[in-house]
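Position 1 is the first residue of the sequence; numbering continues from there.
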Amino acid sequence: VQLQASGGGLVHSGGSLRLSCAASGRTFSTYALGWFRQAPGKERDFVAAITPSWIGTTYYAESVKGRFTISRDNAKNTVYLQMNSLKPEDTAVYYCAAANPRSSYGISDYSSSGKYNYWGQGTLVTVSS
């Protein structure tokens, strides 16, 4: 699976952006998908995850809950991250990732970067104050 993230840019505090991540392959609906971010000088952090389509569960980091929404369009092999009410602390490179699903995983397991098998290249989001 190859992942291509896009949609980053510069936005003022309080603004919105929608990130997209297009995937190759014909089994897109079977993957769990996630978004992570890495700010300068910091570790990569979990942002949001969505389980395979037949489960349809989402999970968010506390810092983005209520502001960000993850969704998927299996017909387009694309996962989205709608980001509203952006804050300067949201500034980071955002990465999308795909995981081969495991029946033993709960949704919270997908907050761990180690659960993911494939990664996109990242897209930069800068939020000015």
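- Note on residues 34-50: pairs passing salt bridge (charged side-chain N to carboxylate O under 4.0 Å, His left out), not counting sequence neighbours, are R37-D90.
- Under the 3.5 Å distance criterion, the side-chain polar atoms of T57 are left unmatched by any main-chain donor or acceptor of T51.
- Hydrophobic cluster membership is shared by W119 and Y110, with clusters built from Ile, Leu, Val, Met, Phe, Trp and Tyr side chains linked at under 4.5 angstrom.
- A distance-only check finds a donor-acceptor pair linking the side chain of N117 to the backbone of N100 [under 3.5 Å].
- The two residues T30 and P52 make their nearest non-hydrogen contact at O-CG, 3.4 Å.
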Considering only distance and modelled atom types, tabulate donor-acceptor pairs under 3.5 Å from the side chains of residues 120-129, sequence neighbours left out.
from, atom 1, to, atom 2, distance (Å)
Q121, OE1, A5, N, 3.2
Q121, NE2, A5, O, 2.9
T123, OG1, G8, N, 3.1
S128, OG, H12, ND1, 3.0

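- Between the side chain of S24 and the backbone N or O of Q2 there is at least one donor-acceptor pair closer than 3.5 Å.
- Smallest separation of non-hydrogen atoms from V11 and L86: CG1-CD1, 3.6 Å.
- The hydrophobic clustering, which links ILVMFWY residues whose side-chain heavy atoms are closer than 4.5 Å, places Y118 and I70 together.
- Smallest separation of non-hydrogen atoms from A48 and L81: CB-CD1, 4.1 Å.
- The hydrophobic cluster containing F36 does not contain V1, counting ILVMFWY residues as joined when their side-chain heavy atoms lie under 4.5 angstrom apart, directly or transitively.
- Y31 does not carry R72 over the face of its six-membered ring by the limits of under 6.0 Å from the centre and within 45° of the normal.
- Summarising the geometry, atom CG belonging to L10 is positioned 9.0 Å from atom CG belonging to L17; distances are rounded to the nearest 0.5 Å.
- Proximity of a side-chain donor or acceptor of T91 to a complementary backbone N or O of P88 within less than 3.5 Å is detected.
- Summarising the geometry of A97 relative to Y116, their closest heavy-atom pair is CB-CD2, 3.4 Å, with the distance given to 0.1 Å.
- Taking OG of S29 as the reference point, atom CG of D73 lies at 11.5 Å (rounded to 0.5 Å).
- Screening residues 55-102 for ring pair (Phe, Tyr, Trp, His ring centres under 6.0 Å), with sequence neighbours left out, gives F46-Y59.
- The minimum heavy-atom distance between S71 and I50, with the atom names listed, is CA-CD1, 4.1 Å.
- Both V79 and M83 are assigned to one and the same hydrophobic cluster, defined by single-linkage of ILVMFWY side chains at heavy-atom distances under 4.5 Å.
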